[in-house]
Amino acid sequence: MAAHSQTNGPPATPTPSHPTQKSMTKAERRELQEKQRAAKLAQKQQPQNADSPNKQKAKPKSDAAPRRSTGAAEKQSSAADGSKSHSKDTPGTAMDNDAGTSISRSLRIFSHFVLTKHGHGVKGDIHPCIIRLALQFSEFRICGANARCIATLIAFKTVIQDYTTPPNNTLSRHLMTHLSPQISHLVSARPMSVTMGNAIRQLKLEISGSDIDMPEQDAKDLLCQKIDDYIRDRIIIADEVIQDLACKKIKDGDVILTYARSSIVEKVLLSAYKQGKRFSVIVVDSRPLLEGKALLQALTSTPPVSWTLSSASLLPPPPPIPCTYALLPALPSLITEATTVILGAHSLHSNGAVFSRAGTALVAMMAKQHSVPVLVCCETYKFSETVMLDGFGKNELAPSHLFPAPAQAPNLETLNPLYDLTPPSSITAVVTEVGLIPPSSISSIPMALGRMNL
Amino acid sequence: MATPAPNPPTIRAVENLAWKLRRRQIVGSRATALETLLVLRQVISKSKFSNMEQLVTIIRGVGRRLVEAQPKEHSVGNTVRKVLHHIREEYHTATQGTAVTATTGFSISKFVLLGQPRKQTAPPKTENKGTLKENDPDDPDSFARGLKPVLMEAIQDVLDELETVYDNVSKNALNHIHSDEIILTLGMSKTVEHFLISAAHHRNYTVMVLETAPSYGGRDMAQALSAAGISTFLVPDSSLYGLMSRVNKVILGAHAILANGGMFAITGSLLAATAAHAHCTPVVVCAGQFKLTPLWNLYHEYGALDFGDPSQVLGFEEGSLVDKVDVVNPFYDYVQSNLIDAFITNDGDHPPSSIYRLIKETYDDEDNEL
């Protein structure tokens with residue numbers, strides 16, 4: 001194969017060589033590329049040999065660059081083409097020229113994990129409250145799918161109110177282009193969550209459907225009203241319905257195990273406690289975020305209820321919720337004590353998988369092994385139409401400036417993935433505002449809501 | 001016959017070790033095994049005995065004392081049992097004059113006789129010494145005098161085995177680790193560290209180390225491995241399930257290997273083994289043979305574990321929570337035998353199903369209860 005292409009050496013006839021290259025498989029082309037790159041390194045002083053790597057690349061873009069004879073320009077264009085044709089290779093292209101292929105392979109595996117750059121400047125005309133929100137996101141002060149979505153929508157309300165339609169434009173068409181750079185600024189601080197994505201999609205729908213003839217202030221007020229309604233219906237009221245449904249599954253004497261901190265699970269536990277049920281809670285926690293401590297604070301600081309009078313006798317105030325706290329490796333010792341496991345979610349996917357905080361999959365797996373039912377509490381607006389097979393597809397790494405690596409050494413890298421995927425086999429039921437559904441029915445949630453509303 | 005009284009220096013040495021174990025000044029299977037061996041050497045060299053039973057009773061007494069001091073350090077009892085096994089062997093060799101050699105030829109009768117497990121025999125050190133007489137009324141010390149040099153050599157054997165554990169376990173490293181593999185490990189285990197570093201001399205691969213909260217032994221392991229030139233990733237325990245789909249092999253260390261093929265290991269190992277089982281990834285345990293314990297554990301009992309300092313989990317800086325919350329910090333996990341695929345020991349690789357046979361060969365049945 002190599003000899004065959006080498007005969008197409010003279011740069012004057014690139015076209016006959018291309019059909020042969022397209023007929024090679026991608027793997028063969030890559031091998032060829034590697035060989036050519038090695039050959040190029042070995043014989044840097046002969047620019048004719050260096051010409052061929054550019055032609056070997058199948059992308060038609062490389063047609064523009066093959067005739068340069070300087071080695072530096074070729075390296076640049078080959079690196080650029082390399083990054084376009086093999087996106088996985090982006091950090092690897094520079095490194096493949098070095099000796100360490102093993103180092104580049106490991107980094108290649110994780111290179112698609114989004115590593116956000118912090119402290120970059122503000123590009124374009126961004127509203128100050130969006131700048132503030134982005135800063136809060138990147139510092140992890142606002143953390144959690146629901147919290148981020150609500151904060152984003154409230155910030156958008158301010159942006160909409162401050163917006164004025166430029167002349168010769170309609171609100172329904174121009175507002176969206178005005179909001180786009182704001183959204184990109186938020187995404188650059190932290191990758192967009194599924195909740196934010198769904199909410200923004202709904203907002204775009206409302207904006208494009210707004211009446212052209214309405215006066216501007218009325219249109220803006222209507223949009224803000226719609227945003228409020230969305231928050232109220234899909235999050236606040238949904239949470240209340242979920243609390244009712246989940247509380248029915250909690251009985252006196254239960255031992256409930258939960259992981260890290262989910263806003264909805266916290267609400268469920270507190271409302272069950274207010275209903276008078278006596279149960280205990282095991283909170284399992286893990287680095288890097290150690291969110292379970294915040295849940296402990298919320299559960300143990302329930303305000304003391306005074307003595308109550310009931311049927312002519314004085315009842316003492318109920319005791320606070322007994323809590324146990326442990327780190328994730330201690331889980332197998334505690335799972336035997338638990339009667340139910342209640343977890344939160346970041347998003348639900350149509351194959352029934354739950355994308356949630358890293359470590360949730362381990363909790364669900366151990367619970368399933370010990371036949372402890374696993375309930376995932378999740379609002380329907382977290383549903384995403386995509387299918388996710390493992391936590392490797394889409395994940396986020398905790399930024400190293402907030403969670404510093406405990407040790408620095410050559411050859412040592414620290415990774416802190418924030419999310420992982422729980423397969424549907426480990427989940428018993430999902431509690432949503434449309435009811436308690438098994439994970440296999442998650443894909444029919446849009447039908448249950450009526451297609452319109454998702 | 002009554003046991004002769006042990007002399008004061010011996011008692012002191014034993015008590016010293018017992019107190020160190022009780023106060024946990026000596027922690028870790030290999031360290032405790034070495035200390036126990038040194039104390040036993042001292043006991044045997046200084047004790048007076050005129051027949052075999054007395055010697056066995058003395059050693060058993062010492063063993064019982066040490067095991068009581070720290071029942072969770074199983075390698076103490078294992079070392080005592082191993083020494084007793086070697087002593088009995090030497091005694092049989094010396095008195096009967098014929099060595100118990102392994103049969104080399106194959107015949108049906110020998111095959112039937114071989115139904116008894118093969119005893120681990122050390123090459124005989126004494127020639128035909130049928131002259132050893134017990135309970136000699138004229139010369140009560142003749143028995144001890146004749147046997148002691150041989151016993152010292154036997155103990156030296158055990159000591160050598162303990163000291164070369166790391167090298168012997170790493171001998172087969174190249175068979176288990178291949179190029180460009182991603183290996184997962186956790187906690188700090190010197191055996192696993194030597195195993196991985198010896199393979200790194202010939203192969204290029206990546207290691208992912210779990211931090212193993214709250215002892216954070218994983219950090220030391222990651223430092224050691226990266227200093228040896230292996231490309232290492234340090235990840236928190238929560239990312240275990242997410243990364244497991246890319247891991248080729250899980251290599252763990254053990255605290256003690258139990259007779260049913262299960263093991264006690266640092267907490268976090270059960271999670272790793274279960275996640276690997278869910279992904280059909282092989283789990284391999286590197287351990288020295290001194291960790292083999294004639295104990296059975298069919299259920300994961302709370303009491304079988306050891307507990308660490310709860311302030312590592314929730315410290316006093318969370319002052320408001322400390323008195324309202326129970327904190328649990330188990331130190332060891334019990335990993336069932338069906339989750340482990342192979343034990344790599346200094347004496348070869350064994351599946352968990354043949355551990356009971358190894359124990360029968362290494363120790364004597366009457367020593368299972370010291």
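Every chain is numbered from 1, with letters handed out A, B, ... down the list of sequences. All values below come from the heavy atoms of this structure, side chains included, with hydrogens, waters and symmetry mates left out.
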Answer with side chain, backbone, both or neither: which region of A:L328 has an atom nearer than 4.5 Å to a non-hydrogen atom of chain B? both
Heavy-atom cut-off 4.5 Å, strictly under: side chain, backbone, both or neither for B:A222 against chain A? both
Best-contacting candidate, A:L412, A:L296, A:V281, against chain B by heavy atom pairs under 4.5 angstrom: A:L412
Can you tell me which portion of B:I230 sits under 4.5 Å from chain A's heavy atoms? Options are side chain, backbone, both or neither. backbone
Using 0.5 Å steps for rounding, measure from the CD atom of B:E73 to the CZ atom of B:R24. 7.5 Å
Could you measure the distance from the OG1 atom of B:T274 to the CE atom of A:M366? Nearest 0.5 Å is fine. 4.5 Å
Per-residue contact mode, B:T267 against chain A (heavy atom under 4.5 angstrom): both
Contact leader toward chain A among B:P214, B:P236, B:G268, where contacts are heavy-atom pairs under 4.5 Å: B:P236
If I measure from the heavy atoms of chain B, does A:P423 come under 4.5 Å with its side chain, its backbone, both, or neither? side chain
With chain A, the option among B:R246, B:E211, B:M208 that has the most non-hydrogen atom pairs under 4.5 Å is B:R246
Is it true that the side chains of B:S75 and B:T32 contain a donor and an acceptor less than 3.5 Å apart? yes
Would you say the ring centers of B:F331 and B:H255 fall short of 6.0 Å from each other? no
Chain B contact via A:N416 - which portion, at a heavy-atom distance below 4.5 Å: both
If one checks every heavy atom of A:T324 against chain B at 4.5 Å, the contacting part turns out to be both
Can you say whether B:D237 sits under 4.5 Å from chain A via the side chain, the backbone, both, or neither, judging by heavy atoms? both
Those residues at least two apart in sequence (or on a different chain) that pass salt bridge (Lys or Arg N to Asp or Glu O under 4.0 Å) with B:D341 are none
Specify which of A:A260, A:A330, A:S425 makes the most heavy-atom pairs with chain B at under 4.5 Å. A:A330
Segment of A:Y259 engaging chain B (4.5 angstrom heavy-atom cut-off): side chain
Pairing residues for B:Y166 by the ring-ring contact (aromatic ring centres under 6.0 Å, His included) criterion, not counting sequence neighbours: B:H194
From SG (B:C280) to CE (B:M244), nearest 0.5 Å: 11.5 Å
Salt bridge or not for A:K277 and A:D254, using N-O below 4.0 Å? no
